[in-house]
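The structure appears right after this line, and notes come after that.
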Number of protein chains: 2
Amino acid sequence: MPTVGGRNPVMSDVAKVAGVSHQTVSRVVNGHPNVREETVARVRRAISELGYHPNSTARALVTRRTNVLGALAVDTTLFGPSQTLAGIERAAREAGYFLSIVSADDPSPHGVAEAMNHLVQQSVEGCVAIAPQRELVHALAALPGPRPLVAVEGGEGAGFPVAGVDQEQGAREAVRHLLDLGHRTVHHISGRSDWLEAEARVHGWREELRAAGRTVTEALPGDWSPRSGHELGRRLVELRDEGEEITAVFVANDQMAVGVLKALHDAGLSVPGDVSVVGFDDIPEAAYLTPGLTTVAQDFTRVGTAALELLLGALDAPSTDAPADRTVPAALRVRGSSAPPPA
Amino acid sequence: MPTVGGRNPVMSDVAKVAGVSHQTVSRVVNGHPNVREETVARVRRAISELGYHPNSTARALVTRRTNVLGALAVDTTLFGPSQTLAGIERAAREAGYFLSIVSADDPSPHGVAEAMNHLVQQSVEGCVAIAPQRELVHALAALPGPRPLVAVEGGEGAGFPVAGVDQEQGAREAVRHLLDLGHRTVHHISGRSDWLEAEARVHGWREELRAAGRTVTEALPGDWSPRSGHELGRRLVELRDEGEEITAVFVANDQMAVGVLKALHDAGLSVPGDVSVVGFDDIPEAAYLTPGLTTVAQDFTRVGTAALELLLGALDAPSTDAPADRTVPAALRVRGSSAPPPA
DNA sequence: GGGGTCGATGTGAACGTTAACACTGTTGCT
DNA sequence: AGCAACAGTGTTAACGTTCACATCGACCCC
């Protein structure tokens, strides 16, 4: 850190060295026209000589623009949220914004309020909330938090724009794929019931079966974790032993699918020989599980980018009340874990 | 957003309503003593009536404290970095700081410089850099970036404090475990060679074998991805077919271990019957792979917390030049993928 | 009862930047 | 020649806080 008299150099220090006024320095820094080329050069030289860089705080005070966006993150142990966050970060930086993150450990109104308050204190200009849980979305809508606000995976009609993957379409494609292979119906292990994504996938699964006129069994509710996948996988084996025909399972995320694969394997069942399994997310491990997991890929980075685009749009035109949503398609990836049912 | 005459309320608005000077409002807001209780109450009332909240920018300008810390993140698709980041965020918030993140897509001096510049522009008070790559650490050390700076997993002797997991100890425990089971030696699939963690694990593996007087084979270099684990797993199978005795493999991370398990399985080899496999990281899926993966757990959250403690320490006592490091122990988790060698 | 301390409050000046306006000198047009 | 327009620059006043200091009672102790 170069200093002038023991402190960071400021605009007027540069001005003195360059022999101009501080305002001219400001003009050079901000790339204003109407500064003589030679003056620009002199100021530039002084800037690098002193190692000056503008004080963003002072600038923010007078312009009333902090250039900071906030991001509310949830449980980053999960693949999706952490990926989305990365996408948001990149897009924010490209747009010239700083990104301040805060994680909401619990989705209760209190927890959300505290997290949002943290962002408000920081005078963020806008905020992206990764809001996969119903409760969180409601808390968000009720709160006097930072605005504009864009939600990721937050369902619709909450009063703010939403960016997300088309969960229902993804689920339908997974089911369609299994039906096309010849399965009579498809069982479902669902995600946490308080998550909107879980609900959308359940809905897509059910509707696709209904449309095809197939039996709709009851979904087995999990919590996204490999552990719960394993437990419910065992439950599936039990049901099968009791005589229920189970040849295909659509699992609401890949982590649970890992547990399901283990449960089936431990029970001596072959995947896809006896049972086909399809997951959701396409985590990096998916292709290298045994067998390779057929799954539905979500482009999280693109979701993050889309969310930030919505936010930037809202910042540009704050008047537009109608929240325009952005939906990113999901893509089926067929691998070894799905095959025709046993003959 | 409540307003006074169309703009956000400021301190003097509150002062006017409460019938005091702006300075008294400031005192109340900052919890100074020496304000009459009744005055405090009146000011508080005025604050909530107007929906006032202090302008952090103005405060930062005069106090010269932004209350913002920076975090340099790398590839957040990886389990470790994203977990660590979460730990850092929580600790920062608890300490009353905001956290601004920036991700360095590439670890080259240029990429790092750009990322760091972004943080400098923001006047962060300090920075935690997740710096697992040698090149990144060097770039960081050479750069006039934000100070104080704390590195996570950054190796030692770079000139700034480092927090990290004791990689070498973890690797040694993994190897020790396999030797104790009766294996004559242990093969190793290593991580990206430009990563310090990869190097530390190689070193721990090699030293533990040497100390036990065992043959040290050449490590097979991977890149952390399940794909590379799969490829090198196949290579291992080839070597075994050529007559090399391979009964135990220490894989530098769990994601690669997933690929190795698949390769072994596809070659008709049993884990742990024919070959034992031990990973590193303890990702949530590890226990539910087939078989459950023996691995070395890293407490990433604790690393994040430790890093932030180092940073806060450096902020309190900026004079202390000697960087005190913080090392978090790794813990072996024995599961089904490791067993005695075939007889 | 007078000087000193302390509690409770107000006043004015920073902090470092940008916005608004004023001021020069040159150019171009009539 | 005169006047407007404009490029190039400087001057001053914000922005909303906190800090340093001043003020004014009340209280205490010898």
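What you are looking at is a predicted structure, and each value in this text was computed from that prediction instead of being measured. A, B, ... follow the sequence lines: proteins, then strands. Residue 1 opens every chain.
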Contact list for residues 102-131 of chain B, test ring-ring contact (aromatic ring centres under 6.0 Å, His included), sequence neighbours left out: Phe98(A)-His118(B)
How would you list, by chain and number, every residue that makes a salt bridge (Lys or Arg N to Asp or Glu O under 4.0 Å) with Arg45(B), sequence neighbours excluded? none
Closest non-hydrogen atom pair between Ala60(A) and Thr57(B), with its separation: CB-CG2, 3.6 Å
Go through the steps to decide whether Leu99(A) and Ile88(A) satisfy the test side-chain contact (heavy atoms from CB on, under 4.5 Å), and finish with yes or no. CA-CA 9 Å; Leu99(A) 188 72; Ile88(A) 293 171; 4.0 Å; yes
Please set out all donor-acceptor pairs under 3.5 angstrom arising from side-chain atoms of residues 148-155 of chain A, sequence neighbours excluded.
| unit_1 | atom_1 | unit_2 | atom_2 | d |
| --- | --- | --- | --- | --- |
| Glu153(A) | OE1 | Gln167(A) | NE2 | 3.2 |
| Glu153(A) | OE2 | Val165(A) | N | 3.1 |
| Glu153(A) | OE2 | Gln167(A) | NE2 | 3.3 |

For the pair Asn55(B) and Val10(B), evaluate side-chain contact (heavy atoms from CB on, under 4.5 Å) and give the outcome as yes or no after the intermediate values. CA-CA 8 Å; Asn55(B) 180 318; Val10(B) 300; over 6 Å; no
Tightest non-hydrogen contact, residues Pro109(A) and Ala139(A), listed as CA-CB, 3.8 Å
List the atom of Val128(B), the atom of Ala307(B), and the distance in Å for their closest heavy-atom pair. CG1-CB, 4.0 Å
Contact boundaries on DNA chain C for chain B, cut-off under 4.0 Å to non-hydrogen atoms: dA8(C) to dG16(C)
Between Gln122(A) and Ser56(B), is any side-chain donor less than 3.5 angstrom from a side-chain acceptor? no
Angle by which the axis turns from one end of the helix from dG1(C)-dC30(D) to dT30(C)-dA1(D) to the other, five pairs per end, to 10 degrees: 40°
For residues 38-45 of chain A, which residues have at least one heavy atom under 4.0 Å from DNA chain C? none
Quick check for you: name the first and last nucleotides of DNA chain D, 5' to 3', having an atom under 4.0 Å from a heavy atom of chain A. dA7(D) to dG16(D)
Residues from residues 19-37 of chain A sitting under 4.0 Å of DNA chain D, heavy atoms only? Val20(A), Ser21(A), His22(A), Gln23(A), Thr24(A), Arg27(A), Asn34(A), Val35(A), Arg36(A)
Check the pair Val124(A), Val120(A) against side-chain contact (heavy atoms from CB on, under 4.5 Å), reporting the backbone distance first and the verdict last. CA-CA 6 Å; Val124(A) 296; Val120(A) 169; over 6 Å; no
If you look at every heavy atom in Pro146(B) and Met116(B), which pair is closest and at what distance? CD-SD, 3.5 Å
DNA chain C contacts among residues 56-70 of chain B, heavy-atom distance under 4.0 Å: Leu61(B), Val62(B), Arg64(B)
Results of side chain to side chain contact (heavy atoms under 4.5 Å, CB included) for Arg64(B) - residues two or more places apart only: none
Search all heavy atoms of Ala15(B) against all heavy atoms of Ser21(B) and return the closest pair with its distance. CB-C, 3.6 Å
Search all heavy atoms of Leu72(A) against all heavy atoms of Ala115(A) and return the closest pair with its distance. CD1-CB, 3.6 Å
Please list all pairs passing the ring-ring contact (aromatic ring centres under 6.0 Å, His included) test where one or both residues lie in residues 65-88 of chain B, with sequence neighbours left out. Phe79(B)-Phe300(B)
Check the pair Glu89(B) / Arg93(B) against salt bridge (charged side-chain N to carboxylate O under 4.0 Å, His left out), numbers first and verdict last. CA-CA 6 Å; Glu89(B) 191 280 329; Arg93(B) 180 137 69 109; 3.6 Å; yes
Going by salt bridge (Lys or Arg N to Asp or Glu O under 4.0 Å), name the residues that satisfy it together with Glu38(A), two or more places apart in sequence or in a different chain. Arg36(A), Arg42(A)
